[in-house]
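Quick caveat: nothing in here was measured; it's all calculated off a predicted structure.
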Amino acid sequence: MSMDVIDYQIFGDDMQYVEVELDPGEAAVGEAGVMYYMEDGIGMDTVFGDGSANQGGLFGKLLGAGKRLLTGESLFTTVFQNQSSQKRKVAFAASYPGKIVPVHLLELGGTLYAQKDSFLAGAKGVSLGLAFQKKIGAGLFGGEGFIMQKLEGDGYVFLHAGGTLTSRQLQPGETLRVDTGCVVAYQPTVDFDIEYVGKLKTALFSGEGVFFARLTGPGHVWLQSLPLSRLADRILAASPRAGGENREQGSVLGGLGRLMDGDD
């Protein structure tokens, strides 16, 4: 599954974007809605699934699209191809604060498991499949980590990690316990399982959930401090229009502020 060879540059700090330089005929594939800008000469084509070579025929395309549907992604991806005779650039940006992680799949053995919302873009030829958790505990209680995307290929893919990025190389037998939504990606050599927090009181009142993801080396893992689901929960909880609690209600100007804003 040969992927196009692309050059790239990442810009920004907390709201990053990646600019990909394409030679004539080369292409990049991105999730729906992540394109930031593109230079003249770049052509766009919306395809079922991931557009990789191993999706030959109608059945292969439908199967690839179905896999993406199961991970909660769009049925379609967009292919951006340089149709000119000179180098051209296309840029991709994430929709919420965080870091963009460039990963060369060949350097990791050709396969990576990624959280379903983390794939941003990659060189054309990347295969986006499914990686179901094999252990019963991970399957039943893994939450966001139950269905992972399986990225396969021999070139660059770009992942997005919300908030601050943590990159760790786990040694054989080394274990990290992580909130299930904070796992961005890991190598297949890493053992992924689910662990109960241990105490009922802690599970009910800590606010950290009932289960942790347990990652055991060897292998590389990428973590995020602010998963999209956590960010959405905080925004919803603070939104009076959505039934949340207004954080200014205890201040002297809280009620007046809501009147001025038209909230009351």
Side-chain angles (χ1 to χ4, degrees), residues 6-20 28-31 33-36 71-73 91-123 126 128 131 142-153 155-171 174-194 207-209 211-235:
I6 60 174
D7 298 317
Y8 72 92
Q9 189 172 357
I10 295 175
F11 297 90
D13 187 13
D14 294 326
M15 291 291 290
Q16 293 186 327
Y17 71 92
V18 57
E19 183 185 74
V20 175
V29 59
E31 285 288 0
V34 301
M35 194 275 289
Y36 180 25
T71 61
E73 303 291 351
F92 305 97
S95 57
Y96 60 101
K99 302 293 184 182
I100 292 177
V101 187
V103 178
H104 198 284
L105 292 176
L106 185 61
E107 296 175 357
L108 299 175
T111 302
L112 186 69
Y113 294 159
Q115 190 76 266
K116 58 185 181 180
D117 295 322
S118 64
F119 176 75
L120 186 68
V126 60
L128 307 176
E144 293 139 300
F146 172 36
I147 299 178
M148 306 288 285
Q149 279 192 332
K150 184 179 182 181
L151 309 180
E152 295 180 287
Y156 274 106
V157 295
F158 303 97
L159 309 178
H160 180 255
T164 300
L165 168 70
T166 300
S167 177
R168 290 282 298 269
Q169 178 66 39
L170 298 180
Q171 300 304 312
E174 183 181 2
T175 297
L176 277 179
R177 291 173 176 83
V178 187
D179 181 279
T180 56
C182 292
V183 178
V184 175
Y186 56 90
Q187 287 184 269
T189 54
V190 174
D191 181 69
F192 179 97
D193 202 356
I194 294 298
E208 300 299 334
F211 299 96
F212 292 138
R214 187 178 70 221
L215 302 168
T216 304
H220 208 97
V221 300
W222 291 264
L223 310 175
Q224 58 186 352
S225 66
L226 186 61
L228 178 59
S229 58
R230 183 179 297 179
L231 176 62
D233 287 343
R234 295 296 187 271
I235 293 174

**Q** Identify every side-chain donor-acceptor pair in residues 10-18 under 3.5 Å, counting partners at least two apart or on other chains, and give the distances.
**A**
| residue | atom | partner | partner atom | Å |
| --- | --- | --- | --- | --- |
| Asp13 | OD1 | Lys99 | NZ | 2.7 |
| Gln16 | OE1 | Ile100 | N | 2.7 |
| Gln16 | NE2 | Gly12 | O | 3.4 |

**Q** Give the minimum heavy-atom separation between Tyr96 and Gly162, together with the two atoms involved.
**A**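 For Tyr96 and Gly162, the tightest heavy-atom pair comes out as CE1-CA, 3.6 Å.
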**Q** Hey, could you give me the CG/CZ distance between Leu112 and Phe119, rounded to the nearest 0.5 Å?
**A**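 Those atoms lie 11.0 Å apart.
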**Q** Rounded to the nearest 0.5 Å, what's the gap from CD1 on Ile6 to CD on Glu19? Could you check?
**A**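 The distance works out to 11.5 Å.
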**Q** Here's a test for you: under side chain to side chain contact (heavy atoms under 4.5 Å, CB included), which of Leu151, Val157, Val29 qualifies with Leu128?
**A**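 By the side chain to side chain contact (heavy atoms under 4.5 Å, CB included) criterion, Leu128 pairs with just one of Leu151, Val157, Val29: Leu151.
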**Q** Mind listing the closest non-hydrogen atom pair of Pro227 and Gly181 along with its distance?
**A**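 Looks like CB-O, 3.2 Å.
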**Q** Using the six-membered ring wherever Trp is involved, compare the ring planes of Tyr186 and Phe192 and label them parallel, tilted or perpendicular (cut-offs 30° and 60°).
**A**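 The arrangement is parallel - the two ring planes meet at less than 30°.
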**Q** Less than 4.5 Å apart, side chain to side chain, heavy atoms only: is that true for Val20 and Tyr156?
**A**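 Answer no - side chains too far apart.
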**Q** Show the nearest heavy-atom pair for residues Val101 and Ala161, with the distance to one decimal.
**A**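 Val101 and Ala161 have their closest heavy atoms at CG2-CB, 4.5 Å.
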**Q** Indicate the atoms forming the closest heavy-atom contact of Thr180 with Gln115, along with that distance.
**A**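 Smallest heavy-atom distance, with atoms named: O-NE2, 3.5 Å.
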**Q** Would you name the heavy atoms of Ala114 and Leu159 that are closest together and state the gap between them?
**A**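 Ala114 and Leu159 have their closest heavy atoms at CB-CD2, 4.4 Å.
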**Q** Begin from the C-alpha positions of Leu223 and Leu215 and carry the test side-chain contact (heavy atoms from CB on, under 4.5 Å) through to its verdict.
**A** CA-CA 11 Å; Leu223 310 175; Leu215 302 168; 4.1 Å; yes
**Q** Measuring from Leu108:CG to Gln187:CD, what's the distance to the nearest 0.5 Å?
**A**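 With rounding to 0.5 Å, CG (Leu108) is 4.5 Å from CD (Gln187).
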**Q** Under 3.5 Å, which donor-acceptor pairs do the side chains of residues 163-171 form with other protein atoms, sequence neighbours left out?
**A**
| residue | atom | partner | partner atom | Å |
| --- | --- | --- | --- | --- |
| Ser167 | OG | His220 | NE2 | 2.5 |
| Arg168 | NH2 | Glu174 | OE2 | 2.9 |
| Gln169 | OE1 | His220 | ND1 | 2.9 |

**Q** I'd like to check the side chain to side chain contact (heavy atoms under 4.5 Å, CB included) partners of Pro188; sequence neighbours left out, ordered by chain and number.
**A**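 Counting only residues at least two positions away or on another chain, Pro188 forms a side chain to side chain contact (heavy atoms under 4.5 Å, CB included) with Thr111, Tyr113.
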**Q** For residues Gly30 and Phe92, report the shortest heavy-atom separation together with the two atoms involved.
**A**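 Closest approach of Gly30 to Phe92, heavy atoms only: CA-CE2, 4.2 Å.
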**Q** If I take atom NE2 from residue His160 and atom CG from residue Asp117, how far apart are they, to the nearest 0.5 angstrom?
**A**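 Here the rounded value is 11.0 Å.
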